[in-house]
Q: 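Handing you a structure now.
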There are 2 protein chains.
Amino acid sequence: MKPTLLDVAELAKVSRTTACRAMNNEGRIDEETRKRVLEAAKSLNYQPNRLAQSLRVKQSFVIGVIFSNLFAGHFYSEIFRGIEEYTSGQNYNLILGCSDGSVEKETELIESFQARQVDGLIMTPTNHMTPEAIEILENSKIPVVFIDRCSADYEHDYVGTDNLLGGKLAADYLKQLGHRNIAVCMGADAETMSVTDRLRGAVQVFEKEQMHYFTIMGKSKARNSKEFSYAAMLESMDMLKSNEATAVMAMSDSVALGASRALIEHGYRIGKDIALIGYNNDDFCPYLTVPLTTVGQPKYELGERAAELLLKKIRDKKSKCNTKIILKPKLVIRQSCGEF
Amino acid sequence: MKPTLLDVAELAKVSRTTACRAMNNEGRIDEETRKRVLEAAKSLNYQPNRLAQSLRVKQSFVIGVIFSNLFAGHFYSEIFRGIEEYTSGQNYNLILGCSDGSVEKETELIESFQARQVDGLIMTPTNHMTPEAIEILENSKIPVVFIDRCSADYEHDYVGTDNLLGGKLAADYLKQLGHRNIAVCMGADAETMSVTDRLRGAVQVFEKEQMHYFTIMGKSKARNSKEFSYAAMLESMDMLKSNEATAVMAMSDSVALGASRALIEHGYRIGKDIALIGYNNDDFCPYLTVPLTTVGQPKYELGERAAELLLKKIRDKKSKCNTKIILKPKLVIRQSCGEF
DNA sequence: GTGAAAGCGCTAACAT
DNA sequence: ATGTTAGCGCTTTCAC
């Protein structure tokens, strides 16, 4: 049986309380006894039971992370790293779940994490959180920070990048290059707030500059966005030609990669016969045969900032609940839109 | 304040015990009262405190997952998905940490997870787990399953793929294609057991078939294997020429991608001037300009099987501790070694 | 079928 | 500076 604090106390010939104080470096305690307790603990290989601790102090030092999708490039891995490195230094652990885009699973996870008394929650909500799910969140009074996406009609804290600006950046760049006919290629997550914002941003530019554009939206049930956009682009080849599109703007780098494959198979040379721009600046971009021009997001920082904000909220509960941290995307020019 | 079981009991005019029985669908209880309790619970929005439960029953229904690296392509994401989907159906939650290759962090995580009373642990150990870390694991008596990699000298359960075979598969294929001079390109994780096994497998073939080979091993401190192998390959261009290598065998798809970029910049056409084979069958492989031939691993299944094995161990503690589940890799032929 | 009481391992008021 | 006692929210004998 694992040794408990009482075992330590007995070995050190003190009371539980004193042992407890020694373990937690509390004030009023004799240096001598403190050492004795620590030694006893060590010799017994004592390890405090965090469950009991958490129960008692009503603080678990666990934070829940819910992603809606684990495939999406390195995007979530990087965000997770940001969260992990920030929080682990402060003695927190992370409990992770993936809703896989399902509202039911999302709700289950929220409830399950709540039941485990997480101190806070960082999540990318599914496109359409049900009012029910939102109510659960609000009732629970658990601090929540949304990341990357957020739920439209609900007061919340949020960390993300300026997707509207990102869309504009991409569109502007295409405009500068003289493109007038743009194919916008969507991924399976087209309804996501971050994606619709990108599109809105781009469209603002298109309209202002009187550029033509049309969207390519697959309908396959592909399991990842590369496959999805590959199929979509393949189906849209005629459309591309009849519209005389000279550039394709993809809503993510994965989408760009899938689309590029279809383009290549149809004889297009990326960066020469057609321009291609992605989004996210995934790891693979610089290494493609023709390195992908894209709009970069500070993924790691996104996670870090979300963690920082959440911990702040946890510390002073009263902090008002409507902070938005919006980081800036930036254009990363490589060769896929031609060289200049 | 959150309602407790006692609140529910009072509202339903029964004792805590009865309320507890009702919530847990236990036997000896009147159907009437059961319903009454359930209603009371619902009206109070009662949610059992899993911390208290776990403390009492000495089972947390949490399992710890420790990866050594979160960048490595989709490899770990897929594994995680496998674990997550298998365990979440059984009411488990996952607490995830990343050792980032550091033995200290790994040890910290193990201890931290232990303190949280995880029911079991799934981990990819760092290359060189210290005896200390191993001792901690053994003392704790927590069921552990290693995944992908394993620690050499220590009895354990393990789920992985047959990397020796994988290496052979790749080498054999190259041989069949008539290649006699192979450049083997290593990533930053060259000392990893899974990678050394791949190399050993390949070398067995090389020697048997009297093929020549040499290794390319970068020395940069790059943050990902694409960057790492890109730099390495760039530095090794002369070597490649003087050895008249006609094929490069990369220890992972990321490494292949980085290497391919260097090759392309030096005028090589992948699949024509030089053959390139990767490992893992990452998502991006089919979509590259010249789709990458590679050795595929069943990543999702790896996670699933590990979870399955761990839960089995948790259930019957006495099950002997030396199960090895070795899945088979398979060659995935695309175009990067030429077409036939 | 139901309840009283004890206790999981820890911490914190309150005494001394 | 140390100890006594109560209690976090739950489950589980054991008695009725």
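Order of the sequence lines sets the chain letters (A, B, ...), proteins ahead of strands, with each chain counted from 1. Here the structure is a predicted model, which means the values were calculated and not measured.
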Q: Has A/Thr18 got a side-chain N or O lying under 4.0 Å from the OP1 or OP2 atom of D/dT2?
A: no
Q: Would you sort out whether B/Lys313 and B/Asp157 count as a salt bridge (charged side-chain N to carboxylate O under 4.0 Å, His left out), showing the intermediate values?
A: CA-CA 10 Å; B/Lys313 283 190 73 175; B/Asp157 296 276; 2.6 Å; yes
Q: Measure up the B/His156 and B/Phe146 rings against each other and bin them: parallel (under 30°), tilted (30 to 60°), perpendicular (over 60°).
A: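 Taking B/Phe146 first and then B/His156, their aromatic rings stand perpendicular (interplane angle over 60°).
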Q: For the residue pair A/Cys20 and A/Leu5, establish whether any side-chain heavy-atom pair is separated by less than 4.5 Å.
A: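 SC-SC contact between A/Cys20 and A/Leu5 confirmed.
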Q: So B/Ser54, base contact, sugar-phosphate only, or nothing? Heavy-atom distance under 4.0 Å.
A: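 The answer is nothing, as B/Ser54 stays clear of every strand by at least 4.0 Å.
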Q: Looking only at the side chains, is there a donor atom on one of B/Ser68 and B/Thr124 sitting less than 3.5 Å from an acceptor on the other?
A: yes
Q: Below 4.0 angstrom, N of the basic side chain to O of the carboxylate: do A/Glu308 and A/Arg305 qualify?
A: yes
Q: Using only atom types and a distance under 3.5 Å, with no angle test, would you say the side chain of A/Asn93 pairs donor to acceptor with the backbone of A/Val62?
A: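 Flag not set: sc A/Asn93 to bb A/Val62 has no pair under 3.5 Å.
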Q: What string of B, S and - do you get for nucleotides 6-12 of chain D 5' to 3' if you count protein non-hydrogen atoms under 4.0 Å?
A: BBBBBBB
Q: Can you list the steps and then say if A/Lys105 with A/Glu108 is a salt bridge (charged side-chain N to carboxylate O under 4.0 Å, His left out)?
A: CA-CA 5 Å; A/Lys105 183 125 192 259; A/Glu108 267 174 36; over 6 Å; no
Q: Reading DNA chain C from 5' to 3', where do the contacts with chain B start and stop? Cut-off is 4.0 Å to heavy atoms.
A: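 Going 5' to 3' along DNA chain C, contacts run C/dG1 to C/dG9.
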Q: Is the A/Phe67 ring parallel, tilted or perpendicular to the A/Phe80 ring (thresholds 30°, 60°)?
A: perpendicular
